[in-house]
Amino acid sequence: MESCIIKSPIGYTKISGDINGITSITVLNSEETITNIIPEVLQDCDYQLKEYFEGSRKIFTLKLNPSGTPFQKQVWEELLKIPYGKTITYLELSKKMGDAKAIRAVASANGKNPLWIVVPCHRVIGSDGSLTGYAGGLHRKQWLLEHESPYKQQSLF
């Protein structure tokens with residue numbers, strides 16, 4: 001397993017993976033030493049994340065290999081279908097999974113997503129439009145949603 005630390009607009013980010021795919025992307029809550037030489041198996045992920053943060057990438061084309069239960073992996077697959085710049089509610093996600101009553105299980109699986117940003121768990125919001133539940137902190141979820149918004153806030157002065 002290889003790993004590296006990169007700096008992103010939302011914090012220091014750890015990428016892990018091997019020849020079988022990217023296993024995790026996590027934004028850290030502390031300052032870390034940036035990796036000088038990115039391992040070859042992680043270079044494409046590093047490149048695609050930089051493009052995303054620059055605003056030139058809307059779809060990731062990475063080989064992913066997260067660890068999780070079959071149900072969690074089903075939820076994460078459904079998350080990949082949420083288009084860039086769009087949001088859905090936890091209830092809508094549960095319905096897409098085939099069981100509106102499974103909302104808590106779906107929300108729990110969403111919260112255990114190890115591939116932040118690439119598997120867009122940040123695009124799932126509360127039924128009332130609130131930014132609920134993001135392991136990286138609601139300030140990061142808000143930043144990501146604003147970054148993807150087609151309606152950029154302009155400065156008045």
Side-chain angles (χ1 to χ4, degrees), residues 1-68 72-90 92-93 96-97 106-126 129-156:
M1 186 69 57
E2 301 280 353
S3 66
C4 67
I5 305 288
I6 63 170
K7 182 134 172 57
S8 77
I10 59 172
Y12 290 87
T13 303
K14 182 176 182 179
I15 304 168
S16 299
D18 56 26
I19 60 169
N20 296 314
I22 302 299
T23 57
S24 70
I25 300 168
T26 308
V27 181
L28 307 171
N29 288 319
S30 60
E31 194 169 310
E32 301 287 333
T33 302
I34 296 172
T35 304
N36 291 324
I37 300 173
I38 306 293
E40 186 175 346
V41 295
L42 306 177
Q43 287 176 0
D44 194 35
C45 184
D46 172 50
Y47 181 75
Q48 289 190 35
L49 282 170
K50 285 179 179 163
E51 287 182 326
Y52 169 83
F53 286 117
E54 291 168 356
S56 62
R57 176 170 293 276
K58 294 183 166 99
I59 297 171
F60 291 94
T61 57
L62 297 167
K63 185 177 179 183
L64 305 177
N65 188 25
S67 293
Q72 288 171 334
K73 289 180 179 183
Q74 279 183 303
V75 172
W76 302 336
E77 283 294 322
E78 200 62 42
L79 292 173
L80 289 169
K81 298 175 186 174
I82 306 169
Y84 180 96
K86 303 289 183 190
T87 59
I88 67 169
T89 66
Y90 288 98
E92 289 171 319
L93 182 58
K96 288 180 181 284
M97 297 291 304
V106 167
S108 176
N110 189 59
K112 290 182 172 62
N113 169 25
L115 293 163
W116 294 7
I117 303 165
V118 172
V119 176
C121 55
H122 62 278
R123 296 180 188 153
V124 184
I125 59 174
S130 63
L131 301 183
T132 60
Y134 191 64
L138 293 181
H139 66 288
R140 288 189 178 117
K141 183 172 188 167
Q142 182 174 354
W143 190 98
L144 292 165
L145 292 174
E146 288 175 0
H147 175 70
E148 294 182 5
S149 173
Y151 309 104
K152 304 292 184 206
Q153 179 67 36
Q154 299 293 318
S155 173
L156 298 176

**Study point:** Set of residues satisfying side-chain contact (heavy atoms from CB on, under 4.5 Å) with respect to Leu138, sequence neighbours excluded
**Key:**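 Leu138 satisfies side-chain contact (heavy atoms from CB on, under 4.5 Å) with Leu131, Tyr134, Lys141 only.
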Mind checking whether [X] and [Y] have side chains closer than 4.5 Å, heavy atoms only?
X: Ile15; Y: Ile38; answer: no
X: Thr35; Y: Ile6; answer: no
X: Arg140; Y: Asn29; answer: yes
X: Ile117; Y: Ile10; answer: yes
X: His122; Y: Trp116; answer: no
X: Leu93; Y: Leu79; answer: yes
X: Ile59; Y: Tyr84; answer: no
X: Ser8; Y: Tyr52; answer: no

Gap separating the [atom1] atom of [X] from the [atom2] atom of [Y], nearest 0.5 angstrom:
X: Lys73; Y: Ser67; atom1: NZ; atom2: OG; answer: 6.5 Å
X: Leu115; Y: Thr23; atom1: CG; atom2: OG1; answer: 7.5 Å
X: Ile22; Y: Ser16; atom1: CD1; atom2: OG; answer: 8.5 Å
X: Glu78; Y: Met97; atom1: CD; atom2: CE; answer: 6.0 Å
X: Ile34; Y: Ile5; atom1: CD1; atom2: CD1; answer: 9.5 Å
X: Glu148; Y: Lys58; atom1: CD; atom2: NZ; answer: 9.5 Å

Practice item. Please lay out, stage by stage, how Ile25 and Thr13 fare under the test side chain to side chain contact (heavy atoms under 4.5 Å, CB included). Key: CA-CA 7 Å; Ile25 300 168; Thr13 303; 3.7 Å; yes
Taking the side chain from [X] and the backbone from [Y], do they hold a donor-acceptor pair closer than 3.5 Å?
X: Trp76; Y: Cys121; value: no
X: Thr87; Y: Gly85; value: no
X: Tyr90; Y: Asn110; value: no
X: Lys63; Y: Ile19; value: yes
X: Gln48; Y: Thr61; value: yes

Practice item. Please check if any side-chain donor atom of Tyr47 sits under 3.5 Å from a side-chain acceptor atom of Glu51, or the reverse. Key: yes
Check your understanding: Considering residues, nucleotides and ligands other than Lys7, do more than 12 of their heavy atoms fall under 6.0 Å from its NZ?
Key ->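 More than 12 within 6.0 Å, yes.
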Point to revise | Listed partners of Asn20 passing side chain to side chain donor-acceptor pair (under 3.5 Å), at least two apart | key: none
Practice item. Test side chain to side chain contact (heavy atoms under 4.5 Å, CB included) on Phe60 and Leu49 and set out the steps. Key: CA-CA 8 Å; Phe60 291 94; Leu49 282 170; 4.0 Å; yes
**Study point:** Residue from Leu145, Leu80, Asn113 passing side chain to side chain contact (heavy atoms under 4.5 Å, CB included) with Pro120
**Key:**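 Between Pro120 and the candidates, side chain to side chain contact (heavy atoms under 4.5 Å, CB included) is satisfied uniquely by Leu80.
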Revision key, fill the gap. Between Pro39 and Cys4, the two heavy atoms sitting closest are CD-CB, 3.9 Å
Check your understanding: Is the distance between the ring centroids of His139 and Trp143 less than 6.0 Å?
Key ->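 Ring centroids of His139 and Trp143 are no less than 6.0 Å from each other.
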Exercise for review: Might you work through the side chain to side chain contact (heavy atoms under 4.5 Å, CB included) test for Val118 and Leu64, ending with a clear yes or no?
Suggested key: CA-CA 9 Å; Val118 172; Leu64 305 177; 4.0 Å; yes
